[in-house]
Structure formats: C-alpha cells, structure tokens
There are 2 protein chains.
Amino acid sequence: MSRGELEVLAILFGDQASGLSLLKLKFEERRESKTPSCKMRRHRCVIDTESSESGSDSDSDTAMRCISCREEYVPRDAGTCKECYVEAGETEEELKREIDDLKAKISFLRLSSSLDHGSNSKSFTDVVLIASDNAAASPPIPAHKAVLVSRSPVFKAMLENEMEESRSGTIKITDVSYDTLRTFVYYLYTAEACLDEQMACDLLVMSEKYQVKHLKSYCEKFLVTKLNLDNSLMTYAFAHQHNAKHVLDAALSQITENMDKVTKREEYIELVEKDPRLIVEIYEAYLSKQVNTAAGRTSTSKTG
Amino acid sequence: MSRGELEVLAILFGDQASGLSLLKLKFEERRESKTPSCKMRRHRCVIDTESSESGSDSDSDTAMRCISCREEYVPRDAGTCKECYVEAGETEEELKREIDDLKAKISFLRLSSSLDHGSNSKSFTDVVLIASDNAAASPPIPAHKAVLVSRSPVFKAMLENEMEESRSGTIKITDVSYDTLRTFVYYLYTAEACLDEQMACDLLVMSEKYQVKHLKSYCEKFLVTKLNLDNSLMTYAFAHQHNAKHVLDAALSQITENMDKVTKREEYIELVEKDPRLIVEIYEAYLSKQVNTAAGRTSTSKTG
C-alpha cells in the first residue's frame, strides 16, 4: 500500500487508521501472493468494462474504493460498511494481543531440561532414561520424575508404584534410538520438537506408548502436512497401526481421490499381500464416496 | 442476525458464509452492547434522511447493505469489498485456531503442584517453603527445586549454591502470609492465580523480590484494571515503591486528569507529609501535560 493510500485512510478514519494499517498491509501481501481467484477476476473485470478509473477518487455514486485493498467496486458487489470493517480490525488486534499473552505464558511454563545446554548448573534430576541396553552407545538422559509423571500416565504408574524403575531411578527404553528418546524428553519439558518425517513417526509411536496425547497430535499434524501421492499408502498403513485418526483420514482421502494411480503402485501390491484388510477398507471408503457424489449429483439435477 | 439474513449471506457467499457466521454474530453482539458512537449516529442519519428503506433489497446503485451488519449504507460511506471482508474473516479464524493450539500447549506444560489436590499420589518434591518462623501456624508447602530454579533467578542462586536453604531443603520466607506464599507457589507451577487487590499487591511484592517477571506483569495488569479515583494516589505510591512501571503510568494519568479532586483528598495530604518527592513528580507530570495540550491547541489553530 502506498503512502498516498495510507494518507487517504488517515483522512477517512483519523487515528484508527494507524492501528489498522498492519491489517491492510497483510491483505495486500496475501492478495499479491495469491493466484487471482475466480471471484477476484470477476471483480477486476467489472472495473475494466466500466472503466471507472476516470471519476475515481471519492464521492461517485456508482463506484467506490474498498478501504482495505483500494480497488474499486460497484454497489452490486457491496462489502461491509466502515464500522464493521473497523470492528473486524479491532477484533483482530485483540486476538493478536491474546496470542502474545499466551506465548509469554508458554515461555514462562517451559522447564529447562538437562538437555537444554551442556550446562554447569545443577538441575536436581532424580531419574535417568536410557535408550538401549548398551549404555556406552547411548548416554543416559537425566530427567525429573515430577515432569515425567505430569506428562505421561504410563510414567506416572511406573514411577509412583514400587516398580523396578522407581527403585533404581533408571528407565530403560530399548526399542527406541537415542536421538528419538532425547527429542521425546525435550518435548516433555518444552512442548517443542524439531521434526522430519522419520522423527515424527518415531515420536508418534513413543507418544502412543506413553500416552502423551499432546505430542501425538503434534506429530499427526506434521505428518498430514507431509502427505503426498508417493507416501499416502505407507502413511495410511502406519496410521492404521498406531491409531492416528487424523493422519488416517487425510491419507484415505488422498488415496481415494487417486485410486487409478494408487492401485498401480508397488506399495499397493505389497499391501494386498501383507494386509488385505486395509485394502478392503480403502475400497469401502472409495465406494461410499462414489455413492455420496452420485447422490449429490442426482439431487442437484432435480433442483436445478 | 436472523435466519433470513444468514440465508442471504449463504446465497452471496456459498460455503464461506457458514465459516463466517460466528464473526457476524460477534459483530451483532458488539453492536448491540455498544452505545452508538458518533460515527454510528451519522451513519444511521444518512439512512433516515435519504429514507432508502424503499428501494432496499439489493441491486440499487445508490444504497447497499453491509454484508456484516445488514444495515444500509451509501457510496460515500464505502467500506471493504467482499473479498477483503472474507479474507478478514479467514484471518480471524486462523488466529482463533492459533489461540486454541497455544491454550492446549499451556495445559500440557502446566505442572501439577502438590497444592493441586490433597492427592495421595507421590509428587517427588525435594524442598519445602515455609511462610513464617512459626511452622505450626503455616504448614510447609512442598515443591520441586527444578521448578523454583526454572522460574526465579533468586531461587536459582539460592538452591544451586551451597546456601543454608540448599542444604536443609527448607526455604523460610518470613515476611509473607501463608496464603500469599501458597498462591505464589501455585503460580510458579500453573501460571494461574486467583487475585483480589490485596493479593495482587502482595504477589507483586513477592514477584519483584524473587524476580518472577511474568507474575509481576500479571499483577500489574490486574491492578491497572482496578484503578479508580479513590485508590489512584495509594496505587501510585505503591507502584513507585515497587518499580511497577505500567501501574505507575496508569495511576499518574488517572491522577493528572483529576488534579482538582485529588488534591482535596486525605491521602494527598498524608503523602505530602510522608513523601513530598512523589507529589513533586505528580505536579511535574501535570505541568508537562498542560504544556503539551497547549502546544497541540496552538498548532491546530494555526493549520485550521
């Protein structure tokens, strides 16, 4: 948005304009980064055909400028009035303030784990986690029972009862790599993890085993963003095995939209051999989708 | 917003309307709860004088309905176009999703303190806090060194070095009530506190002493909301003593806006006796405000 346009806004709105300029700049950025949508093209077309550039600047009765994007629009494309627009801007500012407050709270609530820094400072840990039986290969990860107990019902049962782990102060987790365990523990302290697809899968398995719901949901979200035609079948099978509903739904939808391609893939043939029940579920979902689409089409043609 | 209006929106926007209905309802509520602003009255006046109720419903070239509040407006009151309005709604939905995510993270990161429940479960505490020398009067509050150290640089220094508290595992805090200490410790675990004015002051003092910035800022915000003419001078003196800048600024502004009333109050006379330096600062702020107002008036009359 140009300085001139901001000045027009300032005249229209007085002080409120300055509070809203961020919002407007965001609109501009999004508008530029987006491929013009159908509606957008129509909108532009209106301006072109009526060539309302001439009688532009304000009090014209037939065309007016949007006070956000500064493009002209005609009455039949009516938007919101000024008041509602200003209120929407205020609501946005309020929400952003709330976000800042919540972020500050999160940074207050994070605990520094012993992994945070090769720190000299004492951290009063009372338990260690070890990733394999071979202690030399993977150094023990010190932690606090209070934190483990607070984050996972499984650790809670393990540590609050007189089990081996509680007595010895050592929790051995043999089916996981040192890196995964380290990332897992770090997440328990900070609610943060640096993921790639492999790590997300490994952590999802761990979070399921130790019932750390927040981490499981974090990994699920990550895996959904990484879904594509190449990994959809493997991801689907993985999600099935580990009861990851969001990933399952997303993968299933990806698969059923590309059935012809998917059924030609090697993984498909392997899965038919290995776990045909999963393939049956895919076909059931595909069929149900087709029925729904057909029903939709019929009702449209009746009303239309 | 009526069902009919929502239906009109649905026709205009298709599916997008449903995602936006919440936003629109919020507009409605805010609109109803607010005393009509000056601009609002002008806006309504335009409708009255032009009595555009007649040619109302849509394709009129001279008046149109705001798609948020459904009131009519004329071109010279132009607002945002549909696209920008829809984008604003989408931004709001995004922000709300972010807020939900942050809240989930906070609830994950909260630790259950030993105060949470008269719980039978072990909490692996390794330190106790005592509110007075008379242990009988105030039961010890169990806590975790790791939490205290993580939240307060003062506790960190105290517990990480070989000081009395570190050796004995007991931290005695004699200048504070049991209730305040309990609330303080609870906040360190949860970032939550139930405040009244007295508790906010007590906790602000504690949070300053133990350098728990997040709690101090929380108390400051609470005290600012409780400011009024009756408590402004006392709050100002308190904020001065404890270096609470936000409270100080708010109180000073409250005072200088009501100088004639404030200087007649008993607290004013007491403060002149007790700490005249504070009163001098008030007068300095008052004078500076008057100078600024006068300067503003001069420049307006020159340009106007």
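Naming convention: chains lettered A, B, ... in sequence-line order (proteins, then strands); numbering from 1 in each chain.
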_Crowding at NE2, A/H246 (>12 non-hydrogen neighbours, <6.0 Å)_ = no

*asked:* Please confirm whether the ring centroid of A/F108 lies under 6.0 Å from the ring centroid of B/Y218.
replied: no

*In sequence, state the C-alpha distance, the side-chain angles, and the governing distance for B/D126 and A/D126, and then conclude on side chain to side chain contact (heavy atoms under 4.5 Å, CB included).*
CA-CA 10 Å; B/D126 52 7; A/D126 51 7; 5.9 Å; no

_Which of B/A191, B/S107, B/S150, B/S217 touches chain A most, by non-hydrogen pairs under 4.5 Å_ = B/A191

*Which pair of non-hydrogen atoms, one from A/Y85 and one from B/T80, has the smallest distance, and what is that distance?*
CD1-CG2, 2.9 Å

*Listed by chain and number, what are the side-chain hydrogen bond (donor to acceptor under 3.5 Å, both in side chains) partners of A/E220, not counting sequence neighbours?*
none

*Decide yes or no for A/E94 and B/L95: does some side-chain heavy atom of the first lie under 4.5 Å from some side-chain heavy atom of the second?*
no

*asked:* With salt bridge (charged side-chain N to carboxylate O under 4.0 Å, His left out) as the rule and sequence neighbours excluded, what pairs involving residues 99-111 of chain B come up?
replied: A/E98-B/K103, A/K221-B/D101, B/R110-B/E192

*Sort out for me which of A/I99, A/V212, A/L109 touches chain B most, counting heavy-atom pairs under 4.5 Å.*
A/L109

_Contact leader toward chain B among A/L188, A/L215, A/L102, A/V147, where contacts are heavy-atom pairs under 4.5 Å_ = A/L102

*What is the minimum heavy-atom distance between B/C81 and A/C66, and which atoms define it?*
N-SG, 3.2 Å

